[in-house]
Amino acid sequence: MGAASGRRIRVRGQVQGVGFRPFVWSLAQRLGVSGEVLNDAEGVLILAHGRDLDAFERALAAEAPPLAEVQAVESAPHVFDRPPDEFRIVASAGGTADTGVTPDAATCPACLAEIRDPAQRRHGYAFTNCTHCGPRFTILDRLPYDRAQTSMRAFEMCPACRAEYDDPADRRFHAQPIACPACGPRPWLEVDGAERPGDPIAQAAEMLRAGAILAVKGLGGFHLACDALNGAAVRHLRERKRRPAKPFALMGDMAMIRAHAALSPEAEARLADPAAPILLLPARGAPLPEAVAPGQDSLGWMLPYTPLHHLLLDAFGGPLVMTSGNLSGQPQVIGNDEARAKLARFVDGFLMHDRDILRRLDDSVERLTPQGPMILRRARGRVPGTLPLPPGFEDAPQVLAFGGQLKSAICLTKSGRALLSHHLGDLDDRLCFDEFRKADADYAALFDHRPEIFACDLHPNYRASQHARARAGDAALIRVQHHHAHLAACMAENAWPRDGGPVAGIVLDGLGLGTDGTIWGGEILLGDYTGFRRAAHLAPAPLIGGDAAQREPWRNLLARLDAAGLEALADEIFAGRDLSLPRAAAARGVNAPPSSSAGRLFDAFAAALGLVAGAQSYEGEAAMRMEALARRAPEALARPYPFDAAGEALDPAPMFRAWGRDRAAGVSPAIMAARFHAGLAEAFCAPARALVEGGAARAVALSGGCFQNATLLDLCARRLEGLPLLIHRKVPANDGGLALGQALIAAAGGGGDGR
Ligand code: ZN
Ligand code: ZN
Ligand code: FE
């Protein structure tokens, strides 16, 4: 027989370690295609011969397995020496450095059915997985993604697992973490330092029913678990963890969640995503103990995402509090010995297992808004997913950006894509900073990253900035203004082209160093990837007491009331508190730097409403309570408090005077909170709209930590209707997205002082 024509088909994207080759093999059987498929450094390569190769190519993208993400299917003619008589999967050809690693994925329906079926050999087995589900990034040591490079190397496959692993028709073909009760990891229950004999899961459930607190080893770290319906147990957990008010996350199956939360079809789909994030959902139906989330009208829910979680919930029969197993502010615990050392005083027992966690990944936290999904914390299930760089950045150099001080994350660009790391915590904490440095080295090694340019925040004292200086050495280090980075992050995730023209960025945020040496945080920046100008900003007020103003909202209220000529009202509200010192500090500018921060304005107003009396017990508490309150008076959103927006400085003084009148008239706090949100949205959206309508900007972008507030986001989006609008859906609006913006600005040759 002579030569035969066919095609050489290249598939790019997240196509390795997700069952793509067996999928191609089955497809080839179905469509009568012969040839071969293999993994290589660029993705998946197929040599195909057959009658309907167009249909074959279409199906490659259209019917790809659940965890695959096909970015491109490219094909070229190929000549076979002689027609291939079958379709074969051939061994990998070399390295895989350029292809993505898949994020960890929640247990798939097929595996779940298997562990619940007494006739299956994996019945009740807590480490069941397949190519469509299971651990990935959290067990990975180095690339390429092979069992020997994961923490599964400690377990030798039994003959039955080996047969599945080698069979292209099996859904466990080349599933690296494949395991069964005969050969894989095992769970145990440990109480008072000793392993309890018997069924660990049934006994753990028994303990939880009796009100115990357990440490449960998960995918990316340990959780602390207790019965969510048992108020005493939840309060007990708060006392032991010294966490007075920060909301706890909850785990339940869909029916349990439905009993306590408003569940839209979109929310159900998001919960059931293979990433299995914590999703903030409005509380409805049967109330949970107040201690689960004090002062909040939403609860953070997730579905069980490992077989161990499923088995535990099945045995327990109700929702569980599942909060990160860590000391306050520190990284989540991942090792068994580390857990015994650090968590023993919080818990009555440990539900352990012997598969090591190699990467610490917190649960991702997300919410749905009328404007689409929003990511608050990007970690397990989302990382290491990548984003394409916007048009015009195809040939960008490799850049490494270090983000900010809080909610830190780093960003790597390479081969036209951006990889934003997982959430690395607040770098004020020494251990989080250690983690941050480890992650930097780890990502560089894992992705063979050789940055030519480095980027960091303008603030010289951020630990991330100091680390950047040391890391960059003699290479270029670009310092990026904090809110310019927020703007660029929003442009980047919306694929705004490099030469797309200027965007008006409404950046409502906590604190960031401005190019004039003052502290910014309520800005309209007009700019692109290379530079910006500050078109408008919140009228500054002193941060009385410096850092103390961050923790204690009343200080911001005092500053704003005095600035609005409402000294007498301040005297009345703060009766019994000596105001002479803080006022003197503000007047003389001693430890009272001026700031245009919108976050601190939120704090000031929360103090006005009496929502946080002393210090906030966690970052963002005042703002979260404000949003919850405003939702109770939706009709008042149509009556914004007035701002003086005549000049570049948007002054909230008229708002505080109007609030003073509402207060005297006995208006409800919910109405006042709603009017505050509407006033802030109106004050910033009107000038941003004018920039677009006047031709100075091509679109409006909404970024900064305040846009985690869905009410504020929705109000702004409605006021900007009809204009091109860029908002965050994949990258956090908070400082967790900062590094992406820094990277793009550095790649574009921007950064430094505003022009
Ligand atoms: Zn599965
Ligand atoms: Zn086995
Ligand atoms: Fe920020």
Side-chain angles (χ1 to χ4, degrees), residues 17-19 65-67 102 104-116 120-122 125 127-136 147 152 155-166 170-173 175-186 274 276 305-307 310 403-409 426 457-459 462 464 480-490 505-514 519-523 525 550 595-600 619-620 623 702-708 728 731-742:
V18 293
L67 299 184
T102 315
D104 301 277
T107 307
C108 75
C111 285
L112 184 57
E114 216 175 326
I115 65 172
R116 286 179 173 159
Q120 300 288 330
R121 71 189 183 97
R122 291 189 177 86
Y125 184 53
F127 303 91
T128 302
N129 63 76
C130 71
T131 48
H132 307 313
C133 75
R136 293 287 189 281
R147 187 177 178 99
M152 282 303 293
F155 304 91
E156 197 181 330
M157 269 182 236
C158 69
C161 285
R162 169 61 71 184
E164 293 168 333
Y165 183 90
D166 287 334
D170 195 280
R171 76 171 206 285
R172 297 198 167 91
F173 176 70
Q176 304 302 338
I178 186 173
C180 78
C183 68
R186 68 174 193 102
Y305 56 82
T306 69
H310 281 287
Q405 178 83 350
L406 303 179
K407 299 186 168 66
S408 67
D426 294 347
D457 195 271
L458 206 53
H459 200 304
Y462 281 179
V480 180
Q481 199 282 321
H482 190 98
H483 305 102
H484 186 205
H486 274 303
L487 166 59
C490 190
I506 300 179
V507 188
L508 302 181
D509 200 30
L511 306 177
L513 183 60
I519 298 166
W520 296 0
E523 316 297 314
L525 302 183
Q550 284 217 64
S595 169
S596 58
S597 167
R600 294 300 85 80
E619 193 235 338
L702 306 178
S703 191
C706 295
F707 283 110
Q708 296 172 94
H728 288 283
V731 165
N734 60 43
D735 285 5
L738 216 49
L740 174 66
Q742 293 173 349

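Start at 1 and go down the list; that is how both ligands and their atoms are numbered. Not measured: the values here are computed from a predicted model. Sequential numbering from 1 along the given sequence is applied to the chain's residues.
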Exercise for review: Could you tell me whether Glu164 and Arg171 make a salt bridge, using a distance below 4.0 angstrom between a side-chain N and a carboxylate O?
Suggested key: no
Check your understanding: Is it true that the side chains of Thr128 and Glu114 contain a donor and an acceptor less than 3.5 Å apart?
Key -> no
Exercise for review: For the Fe ion (ligand 3), find the closest N/O/S atom belonging to Asp735 and write down its atom name.
Suggested key: OD1
Review point. Above 12 or not: heavy atoms from other molecules or residues under 6.0 Å from CD of Glu156?
Key: no
Revision key, fill the gap. Nearest heavy-atom contact between Ala175 and Cys130 is CB-C, 3.9 Å
Practice item. Just to the nearest 10 degrees, tell me the angle at the Zn ion (ligand 2) spanned by Cys180 SG and Cys183 SG. Key: 120°
Check your understanding: Do any of the N, O or S atoms of His132 sit under 2.8 Å from the Zn ion (ligand 1)?
Key -> no
Check your understanding: Which value, rounded to 10°, describes the SG(Cys111)-the Zn ion (ligand 1)-SG(Cys108) angle?
Key -> 110°
Revision key, fill the gap. So the angle subtended at the Zn ion (ligand 1) by Cys130 atom SG and Cys133 atom SG, rounded to 10 degrees, is 120°
Practice item. State whether a side-chain donor-acceptor pair under 3.5 Å links His728 with Asn734. Key: no
Check your understanding: In degrees, rounded to 10 degrees, what angle do Asp509 atom OD2 and His482 atom NE2 make at the Fe ion (ligand 3)?
Key -> 100°
Exercise for review: Look at His486 and state whether any of its N, O or S atoms is less than 2.8 Å from the Fe ion (ligand 3).
Suggested key: yes
Point to revise | Residue pair Gly512 / Tyr462: nearest heavy atoms and the distance that separates them | key: CA-OH, 4.5 Å
**Study point:** Angle at the Zn ion (ligand 2) (to 10°), with one arm to SG of Cys161 and the other to SG of Cys158
**Key:** 110°
